[in-house]
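First the structure, in the form of structure tokens, and then the observations on it.
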Amino acid sequence: MIKTNRFLRLKTKKKRLVDVVREHYLRKDVPCHSEICTECEQGIGNILSSSLTHYVVPDCQVEHQGGRKLSTQLKNLVKDGRQQCIIFSNEFCEGAYVARQTGESMEDWNWRCVYNGALWYHNHFKQTLPIIVLTEDSQAELNESGKDLTVTREHFEYFPLEILEAGIKSNMSSSKDFFDSDILVPGMANRNRAIHGDIVVVELLHQSQWKGRSISIRNGEEDRKPSSGEEESDAMPTGRVETQETRKTSGKVVVVPWDYRIPKIRISTRQVDSLREERIVVRIDFWEVDSMYPSGHFVRSLGPIGDLETEIQALMVEHSLAAPSFTEAQLRELPSNTPENPWVISEEESHLVFSIDPKGCEDVDDTLSVRWLKNGKMELGVHIADVSHFVKPGSLTDLEARFRFAVSVLWILDAEYNVIKTWFGRTVIRSSYKLFYEAAQAIVNGDEKDEDLIKDVPELQNLEAETAHNKLCEIRKSVSKLMDIARVIKARRTAHGALELDSVEVQVQLGDKKDIKDLIPKKLRYHPSPRKQRFANLTHCAAAKGFSIDTSSNKSLADSLDDCVDPNDPNFNMIIRSLATQAMAIAHYFSTGSLSPEHFFHYGLALDRYTHFTSPIRRYADVIVHRLLMAAVGNEGNDKLLSNKELQETCHHINIKHLAAKDAQKESIDLFQSIFFQDLPLNDERRICDAVIFSLRANGVLIFVPRYGLKGPVYLKDRTGQVVTPHVEEDSVVFGPGMLTRDVYHVTVRNTAGSFDFRLFDHIQVCDGRSERLELQSMKTRQSPPLSEVELQEEACHKMKRSELVKEVKSSREEQKGNMEIEELDAELGKLKSEFGQTHESVSFYFLMEYFREMSLQDDKDS
Amino acid sequence: MAGLDILSPEGLRLDGRRPHELRKIVFRMGVFKQADGSAYIEMGNTKALATVYGPHEVTSKSKILHDRVLLNCQFSMATFSTGERKKRPKGDRRSTETSLLIRRTFEAAILAQLYPRSQIDIYVQILQADGSNQSACINAATLALIDAGIPMKDYVSACTVSFVNDKPLMDINYLEESFRGPQLSLAVLPKSGNIVMFQMDSRLHVDNLERVLDLAKKGCTDIHALQRQTVHEFSQECLPSLTGN
């Protein structure tokens, strides 16, 4: 034993510095606690097994700066015999200790001690075993680099901004065409504190280090390409996160975000108990290099978990959709119909004007008119409420609901419905009739008696029977004419190759005149052509059924989609279409100044230029189009109009919001769905339904449930490696021993009961189980849906089922909570209803009217 | 920072010793020529100097003892012995108490009847304090008495033992003393095993007393061996001057 002294400078209670000398004995008999060591006399405590591949030595900061809690954790680790952790008293070991040099800082000395301890181990085992030192101190790393130890850290520091900018600039030209695909950034370390939604700068690794994408359900659902990169985030994460669970950790709380892609966040709050079991909004402030979790702060609470209202609010917050009410100042800006400033436009022509809207609709924002001219031609008018009259450019207000002013488009059509002349202008609507879809449909069909029809049209109620009848004939004539025109134009456009895609929105097209485009920057909506490789899944699926999909152009794609019909399976075409939709890029608004003209086209609609402005009440985008249009036709000065750059920014904002609204809509459906299933008793027959396989994975299949419009994974193999096996007595499925192989078009399960194939587009029975996950209900597969299912679908389209689901959820929740605010719910219901509560496209008059409205605005480019 | 553990899970104390280990001890005898006897001791960082004068005439006639020798003990701590400078080197309550303790100890060890109406002075000074001060003083004084040629029944060996985490700790230093565990200062006459000093201020469960006492005795025995060795070596050194060669 060697006696040395340690010299310390400590503080007394009176804050005076005192030099203290302490004895320090260095011994030779400090045990190394390793099984492979034959020299040391091992004392009490754990022994490191000889099977270990390497030893890890943590930095001294772990113990010294980690606080008492971490220290206790480490001690518990050491106490636990299974953990293979030991404490090596390097400071008392003769070979491992180094004396502190004069002027050396405590940190440096500590680091040197750790390093020497590791070095001692390294030499103790005759350099046969790799020793890894964990540290976050880059300086220490530098000091000791060149020596024979590996040094690693948890996260990396970000590169300085200048380096990043220079790097991006130099790589800009090459990266644009090369990196068309996504980049895979695997693992926490490579992700380097970036979270979902961040804009990041990535450093590409060498091609030899690229990894393939995983094909199992758990990881492989995101469409990622085989490449890999190290990442440097240049955007500080500032996100809104809802949590679903709180956990108390000594004053600080770790919250679990709603979005599983965002890591847990540490916040410090004093109201831990009141926030427990609540959904809260949290803001991420920063993420330290040495921290596992980002740090944030509590913003506000949304309400208790599981509450319907809370969940809806959570959805709104998550997609940053806020709907605060208007301020006084905004309301004061609205013009009113006063004697000094009457709503009058000079020359008035009278047209038969009427509106067609869903039943219960109160905002009549678009009307139609038809007039026969003398020379066999006819005049067609579409009148859209002119919100831009009320919302002056640059004013505070964003929206107004009551209006009479309209922007109108009038066409003169010849007998073949070719457009001869077009007129844009401001008009005042004086709607004669407010028709509902159902009423309009009935009027055209002529199935019902006139007396019944009159009841449906409020304007006709007070008139005498004779006049009412005449009026009705007038309406019927106009409406049938409109339908006729719509049909012709639709057929004409389909011939041009417009895609009929499930869930692709169809909107109004406005052909630009050359002079308009030259005048001002315009806001259009473009739909880029999809990448070839995105169709891979689609063509693969179609090939499983023996169809081939030609994706070379939008016309050929539309044709091939039309051909993909399986007479036995009505769902097949629908699924193929939805897969095609998935492959599509999303349509964007843009300013004509920011893109070259060849990018103006709309892929899905097969149009060269396209914009829409039919619903200015609902869409701000339409208000902008209104303004631009009026400026273009010279009704108003364009001094207040947005410049190209501003317009571009506005478009970008609208695009983001549009996407957010779509996502929120989708998730609100998911929410209602899960509540619906949650409220169902376990043995309810509605839980069991028919599903179609549309994609194969290494440990299961992805399925589509036509009845509820659900998509989801079904596991055929669980985590322990067991595969699905039919239950011996009951008609159900359990997990048992076996193996699973994945082929091009089918997944084969071999188990004790035999071999089972799951082919693409096979129908299987699934059950929405207790864990809110889809479970296989029966091992049998079919080529076509079961009879009962077909009947169900014929009886009511699956979309109807969805609205039924929403109603069901709503009513059951209302029963539970009588005092719930129903308005909020109704708004949500209305939204859902307007999307899903419609009759099928082919039988709906509404769709025909919609088509007509779109077509009607199409300017003939040849004229 | 994690709290200091007086005894780590691996069984090592803060300075790297195991619980039953003594500090490094150094003895030197005859360090002053003008005193009749002197000795210097280092127990780890505790350093003490002991000088013995006498036997000589009693300085204060009133204190004279007719059947035995008058033992005068003075314990002091140098002003530089602690981290903060001490204001009074001697005369405070603790020093007086320690003086008394040392006197009692040696009254039991010295053959006092051999020098009636005489006086022996023992001056002990702590030069550097790092725990177990009393024990160090007694050990040093023993050697100083031997150096002065005062007849004694036996060596006096002393040792301080503490009790922490169900484990007795031998020869505690200042840091371990400041943890305020029970401290037992024990002085024995090693050959007979008789206890001449037994000092403990705080409470200790009687079940543990045995273990603490055993360890203290063991410590005293070890120290005795060192003392003996030192005296032997010193005698060897002095032999030429005694024989006159």
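Proteins come first, then strands; the chains are lettered A, B, ... in the order of their sequence lines, and each starts at number 1. Keep in mind that this is a model prediction, so the values were computed, not measured.
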Specify which of A:Glu23, A:His24, A:Glu91 makes the most heavy-atom pairs with chain B at under 4.5 Å. A:Glu23

Can you name the residues of residues 132-140 of chain B that have some heavy atom under 4.5 Å away from a heavy atom in chain A? none

In terms of the angle between their ring planes, are A:Trp120 and A:His124 parallel, tilted or perpendicular, with boundaries placed at 30° and 60°? parallel

Salt bridge or not for B:Asp92 and B:Arg94, using N-O below 4.0 Å? no

Charged N to carboxylate O under 4.0 angstrom, A:Asp29 versus B:Arg18? yes

Min side-chain heavy-atom separation A:Tyr55-A:Ser34 under 4.5 Å: yes

If you define the side chain from C-beta out and look only at heavy atoms, does anything of B:Leu213 sit under 4.5 Å from B:Leu186? yes

Given that the side chain runs from C-beta out, which part of [X] has a heavy atom under 4.5 Å from chain A: side chain, backbone, both or neither?
X        : answer
B:Asp130 : side chain
B:Arg85  : neither
B:Arg13  : backbone

List for me each residue that meets salt bridge (Lys or Arg N to Asp or Glu O under 4.0 Å) alongside B:Arg211, sequence neighbours excluded, and say none if there are none. B:Asp166

B:Gln227/B:Ser157 under side-chain hydrogen bond (donor to acceptor under 3.5 Å, both in side chains): CA gap, chis, key distance, verdict: CA-CA 8 Å; B:Gln227 283 173 324; B:Ser157 306; 2.8 Å; yes

Which heavy atom of B:Met197 sits nearest to which heavy atom of B:Ile195, and what is that distance? O-CG2, 3.4 Å

